Amino acid sequence: MDKFTNHTGVAMPLKRSNVDTDQIIPAVYLKRVTRTGFEDGLFAAWRNDREFIMNRPEYAEASVLVAGPDFGTGSSREHAVWALQNYGFKVVISSRFADIFRGNSGKAGLLSAQVDEAVVEGLWAYLEANPGAEVSVDLESRSIKAGQGDDAIDATFVIDDYTRWRLLNGLDDIGITLSHEADIDAFEAKRPAYKPVTQ
Amino acid sequence: MGKTLAEKVWDEHVVRSTEGEPDLLYIDLHLIHEVTSPQAFDGLRMSQRKVRRPDLTLATEDHNVPTLDWDKPIADPVSRTQVDTLRKNAADFGVRLHPLGDVEQGIVHVVGPQLGLTQPGMTIVCGDSHTSTHGAFGAIAFGIGTSEVEHVLATQTLPQQKPKTMAVTVNGSLPEGVTAKDLVLTLITHTGTGGGQGYIVEYRGQAIEELSMEGRMTVCNMSIEWGAKAGLIAPDQTTFDYIEGKPEAPKGADWDAAVAYWKTLVTDADATFDKEIVLDASTMTPFVTWGTNPGQGVQLGGNVPSPADFSDPVDQIACEKALEYMGLQAGTPMREIKVDTVFVGSCTNGRIEDLRLAAEVIKGHKVADQTRLLVVPGSVRVRLQAEAEGLDQIFIAAGAEWRGAGCSMCLGMNPDQLAPGERSASTSNRNFEGRQGKGGRTHLVSIPVAAATAVRGTLSSPADL
Ligand code: SF4
């Protein structure tokens with residue numbers, strides 16, 4: 001997993017609440033055997049609508065998603081996080097995340113930044129006035145910045161210390177376990193010889 | 001204070017334990033199949049990691065594989081892709097694979113024990129909930145998700161919160177003709193589908209000790225159906241006799257050392273469980289399900305219940321819905337329910353002893369008109385053994401379909417499926433809506449009930465023949 005310290009990129013406002021994982025990626029897209037390629041299933045039903053915001057050219061390179069409350073509810077499928085990442089999103093900003101989605105995203109390296117509802121509203125207003133504008137997210141200082149001058153936005157977001165630490169260090173679960181590799185080696189050295197092997 | 005069996009096995013496998021964190025548990029055996037492993041291998045590729053211990057990993061093809069024409073390419077493209085992907089992953093990462101056509105191919109939970117890889121005191125995981133089957137040998141065995149599969153592949157360990165422990169003591173002996181399946185179905189109806197949640201369960205008592213290894217596997221297999229994390233049974237002479245001489249069993253001095261250790265794997269007299277349930281086997285009778293979860297069961301001699309029979313409003317609604325889906329009238333005697341298809345097989349009841357028992361009941365009879373009987377061995381070895389004993393001829397003479405090895409109609413991922421509205425008596429473990437095919441109606445039954453039902457065309461026991 002890549003380290004995440006800060007990110008600046010085109011932010012896409014998704015003015016919907018309760019975006020569940022079936023909307024993020026419908027079940028028919030789950031048959032794939034890889035962890036990549038789920039971008040074509042991202043928001044598949046909505047993308048059929050030509051007016052859907054993701055179809056607009058300004059957002060072709062979007063990497064920050066600003067969504068309404070209760071993002072990622074529903075089925076626990078990890079594919080929802082993969083689909084967002086495969087498409088190019090690095091950060092999702094919302095005022096409330098479903099627990100499982102937040103857990104899955106932290107494990108996979110997608111930053112779920114929780115902010116006050118007013119910050120989401122502010123970002124939406126700014127992004128609608130400036131389509132294709134960039135937003136900067138800094139994990140070190142837990143801050144979000146957008147715009148300049150009078151309408152500049154400077155807000156903080158909430159993330160638990162443990163997930164922040166993992167993201168800053170680029171540690172997924174496996175990475176954390178492998179940091180204890182010496183313990184695993186020591187354990188293996190003591191395993192009895194009669195334990196079976198497959199080859 | 002003494003330890004329970006589960007605590008002993010657990011403590012033996014803790015690589016690292018830190019206050020406030022889950023234990024890091026060493027995994028002795030990691031079983032793999034085509035459905036839940038592809039993304040795990042792809043994750044390894046993306047992060048350029050290797051399989052840490054290919055020699056503690058074993059793969060087989062089971063969920064998707066056809067049970068007819070298994071020497072031809074798989075017709076369904078999604079199934080074929082999953083199987084092809086497993087073959088490529090096994091080759092790329094150096095994992096031993098038993099593919100379709102191999103003599104050791106079969107349902108992953110049948111293959112591990114028959115190879116002798118499943119042994120007492122081990123930790124065993126697989127991306128499949130019925131991994132609990134292996135607990136029959138006194139192992140801690142449980143199902144894991146795809147991210148955890150990747151974690152085990154990369155590290156041979158898994159961070160795990162230590163579960164609570166429960167004892168299910170089954171006193172007395174099972175009456176003649178009542179099997180391990182009836183025992184576990186009775187237990188699940190007694191506890192409800194969530195009764196085991198958060199526990200590793202130890203099954204013990206006279207009735208459990210008297211079970212064969214096959215019967216013990218049937219009981220542990222269905223631990224998951226009442227919500228338990230895992231189920232296990234203390235190893236004894238029955239266990240040792242089953243393992244001895246199997247291809248991967250310890251040999252010579254290793255065997256002696258292993259048995260000496262295995263004999264220590266019992267719950268200490270002064271150990272305590274977080275919860276205990278006591279049942280009496282001597283009052284048990286053939287048991288079947290009427291509803292759409294494994295806890296909706298009743299004695300074969302009983303009637304389809306009515307919502308009014310339940311005091312909890314949630315159960316009442318569940319009953320109402322289940323009756324509607326199952327197309328059943330409350331009050332109908334279970335024995336009058338007509339069955340279209342009988343499925344003998346799965347990791348619950350697809351081992352050689354199961355097929356012997358089915359053949360014994362069916363011998364000299366014919367499958368009823370308008371009923372079909374599908375017999376699917378759990379593995380190729382089971383199929384070959386059955387054929388060597390002439391069991392296939394008994395089934396075929398009775399009018400049954402004798403098939404190749406795999407999960408088959410247990411979950412209907414391959415072409416073996418129920419049609420909408422079709423009713424089955426199935427020796428498998430799940431009767432959820434649509435489990436055996438869209439709109440299919442499943443009654444979970446034991447082997448003798450399945451065989452007798454095939455002959456009479458209605459839910460029956462051998463005593464009815
Ligand atoms: S036989 Fe059924 S329950 Fe067992 S592993 Fe196969 S699909 Fe799962």
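Note that the coordinates shown come from a computational prediction; the quantities given were computed from them, not determined experimentally. Every chain is numbered from 1, with letters handed out A, B, ... down the list of sequences.
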Donor + acceptor pair across side chains of A:Glu78, B:Thr146 (<3.5 Å)
no
Quick one: of B:Gly145, B:Pro159, B:Ala257, who has the most non-hydrogen atom pairs under 4.5 Å with chain A?
B:Ala257
Extract all donor-acceptor atom pairs below 3.5 Å that involve side chains of residues 2-19 of chain A and protein atoms in other chains or at least two apart in sequence.
unit_1: A:His7; atom_1: NE2; unit_2: A:Ser63; atom_2: OG; d: 2.7
unit_1: A:Thr8; atom_1: OG1; unit_2: A:Ser136; atom_2: OG; d: 2.8

Top of B:Pro247, B:Gly116, B:Ser147 for chain A proximity - count of heavy-atom pairs under 4.5 angstrom:
B:Ser147
As an exercise: rank B:Asp28, B:Leu24, B:Thr85 by heavy-atom pairs under 4.5 Å with chain A and give me the winner.
B:Asp28
Pick from B:Glu248, B:Glu34, B:Arg53: which one has the most heavy-atom pairs with chain A under 4.5 Å?
B:Arg53
Can you see which heavy atom on A:Ile174 is nearest to which on B:Ala154, and at what distance?
CG2-CB, 3.6 Å
Stepwise salt bridge (charged side-chain N to carboxylate O under 4.0 Å, His left out) check, B:Arg52 with A:Glu188:
CA-CA 11 Å; B:Arg52 181 180 174 94; A:Glu188 283 179 335; 2.9 Å; yes
Looking only at side chains, do A:Tyr194 and B:Gln119 share a donor and an acceptor under 3.5 Å apart?
no
Scored by heavy-atom pairs under 4.5 Å with chain A, the best of B:Arg45, B:His13, B:Lys251 is B:His13
Interface residue of largest heavy-atom contact number with chain B, from A:Asn104, A:Asp173, A:Thr36, A:Val197, under 4.5 Å
A:Val197
What heavy-atom pair brings A:Val33 and B:Gln82 nearest, and what distance separates the two atoms?
CG1-CG, 4.0 Å
Contact winner vs chain A - B:Glu150, B:Arg96, B:Met122, B:Arg49, heavy-atom pairs under 4.5 Å:
B:Arg49
Give a yes or no answer on whether the side chain of A:Thr198 reaches the backbone of B:Thr57 with a donor-acceptor pair at less than 3.5 Å.
yes
